[in-house]
J.: 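Pasting in a structure now, in structure tokens, and then I'll have a few things to ask.
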Amino acid sequence: MTARQTPDLPTDAALVAAYRNGDQRAATELVGRHAGPVGRFLYASGASSSDVDDLVQDTFFRAFRGLDGWRGEASFRSWLFTIGGNLLRDEFRKRKGRQMLSLDDRDLPDSADPHAELAAAEAERRVRDGVATLPRLQREVFLRRAQQGGDYEEIAAALGTTPGAARVHYHHAVKRLKELLR
Amino acid sequence: MTTCTQLSDRMPDVAHGTSRWTETEERHLATCADCRAEWELVAAASRLGAGLRSPADPALVSTLLLERLARERQRTRLRARFWTAAGLAAAAAVILAVWTGARTGHRPGDVAGGPAPRVATAPVAPARPDAPVAPALRAELPLPELDDLPAEALDSMLQALDEPAARADAYELPALADPGDRELERVLTGLEG
């Protein structure tokens, strides 16, 4: 789940420290690194594609305003996911559970095989609908693991649980989604 | 021997391209419908939002973010300045109240009709202007330092009591509300013994 960082690129922690020292380019670099994955995570969690940009913006705003809250136990991206997840939950509450999912307004990539593309879009829609019905911890663990490729230790650190409990949540989520998609 | 659990644990890595199936794992996938269903699910989940162009312009996101953070910092600074000024104003008001109270003989906590006006009610209490002031009443006066003041100083002090800043009119001072020169003279005589 961590950003793939080559040795010649500064780490997220180094960029955060640089931003704290007044280097605004560090913030730009952090946004460039993580905005895409954060947007995908929010979209997969149930945000409509029209809301994703605003939610990404709010996620980064809250993160930079409260940088002291990031103590490095989990990766910076993981921490952003947590903030974004909280924002999305608040948004769901504000809308009183009204469904935020939408696929029609999403930009579909061009494809040489429109039938295969439609089938993939349909599969994605079903998975996304299924993910949206999961309890929050199951949904977060599943997406962090399946969508972002995070390991259980890091997921557990980000969500304030144990690696064993994260594994259990993941398997519950998989079981439930398999039943839903059968 | 590949078990379903081992395969399940490796699925996210394979879906993200950081690992590949071994031949044994591929054979297992081909024969186990449950693992195949899970693999399709994980593979689909790993692609969720892959076609989403969000944010449309990361540079714009960071520009807007930095502007928003700058506005927030400015607002925080202004708020801090406001509360500092408000704190100083409150402190100044308290100091002024204490200082005014010391000058007029009122304690800051005294309220209208409370014990503070004793300085005025004691000597002017007699109904008849020419009646002598009772020694017991004189003994009740809380400001013995007034004894050494000349008549002019006392006069100006009593005038100061009528000024709006001191709000002397808020207290119950019926006998001093509009004292004549003769009355004041008697009061001062009484104070001086």
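Labels below follow one simple rule: chain letters A, B, ... track the order of the sequence lines, proteins then strands, and each chain is numbered from 1. Computed from heavy atoms alone, side chains included, the values below leave out hydrogens, waters and symmetry copies.
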J.: Counting only heavy atoms closer than 4.5 Å, note whether Asp34(B) contacts chain A via side chain, backbone, both or neither.
T.: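 The answer is both parts of Asp34(B).
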J.: What part of Leu69(B) lies closer than 4.5 angstrom to a heavy atom of chain A: side chain, backbone, both or neither?
T.: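 For Leu69(B), heavy atoms of backbone and side chain both lie under 4.5 Å from chain A.
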J.: Say whether, by atom type as modelled, one donor and one acceptor occur between the side chain of Arg145(A) and the main chain of Ile155(A) under 3.5 angstrom.
T.: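 Such a contact is absent between Arg145(A) side chain and Ile155(A) backbone.
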J.: Using modelled atom types only, decide if a donor and an acceptor are shared between the side chain of Arg167(A) and the backbone of Thr162(A) within a distance under 3.5 Å.
T.: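 No, Arg167(A) side chain to Thr162(A) backbone: no donor-acceptor pair under 3.5 Å.
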J.: Where on Arg126(A) is there a heavy atom nearer than 4.5 Å to chain B: the side chain, the backbone, both, or neither?
T.: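 Arg126(A) has no heavy atom closer than 4.5 Å to chain B.
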J.: Just checking, any donor-acceptor pair under 3.5 angstrom between side chains of Arg144(A) and Thr82(A)?
T.: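 Arg144(A) vs Thr82(A): donor-acceptor pair found between side chains.
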J.: Taking every heavy-atom pair that is under 4.5 Å apart, which of Thr5(B), Val61(B), Asp13(B) has the most such pairs with chain A?
T.: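 That would be Val61(B).
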J.: Considering only NZ, NE, NH1 and NH2 on the basic side and carboxylate oxygens on the acidic side, decide whether Arg176(A) and Glu179(A) come within less than 4.0 Å.
T.: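 Between Glu179(A) and Arg176(A) there is no salt bridge, as every charged N stays at least 4.0 Å from the carboxylate O atoms.
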J.: Where does Glu38(B) contact chain A at under 4.5 Å (heavy atoms): side chain, backbone, both or neither?
T.: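 Both backbone and side chain.
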J.: Does any backbone or side-chain atom of Leu143(A) lie under 4.5 Å from a heavy atom of chain B? Answer side chain, backbone, both or neither.
T.: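 It is the side chain, since no backbone atom gets that close.
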J.: Determine the interplanar angle of the Phe76(A) and Trp70(A) rings, folded into 0 to 90°, and report it as parallel if under 30°, tilted if 30 to 60°, perpendicular if over 60°.
T.: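 Ring orientation, 0 to 90° scale: perpendicular.
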J.: Quick check: closest heavy atoms across His171(A) and Tyr152(A), and the distance to 0.1 Å?
T.: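 The pair with the smallest heavy-atom distance is NE2-OH, 4.1 Å.
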J.: Under 4.5 Å from any heavy atom of chain B, what part of Phe142(A) do you find: side chain, backbone, both or neither?
T.: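 For Phe142(A), side-chain heavy atoms alone lie under 4.5 Å from chain B.
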J.: Chain A heavy atoms under 4.5 Å from Arg47(B): which part of the residue, side chain, backbone, both or neither?
T.: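 For Arg47(B), the contact with chain A is made by the backbone alone.
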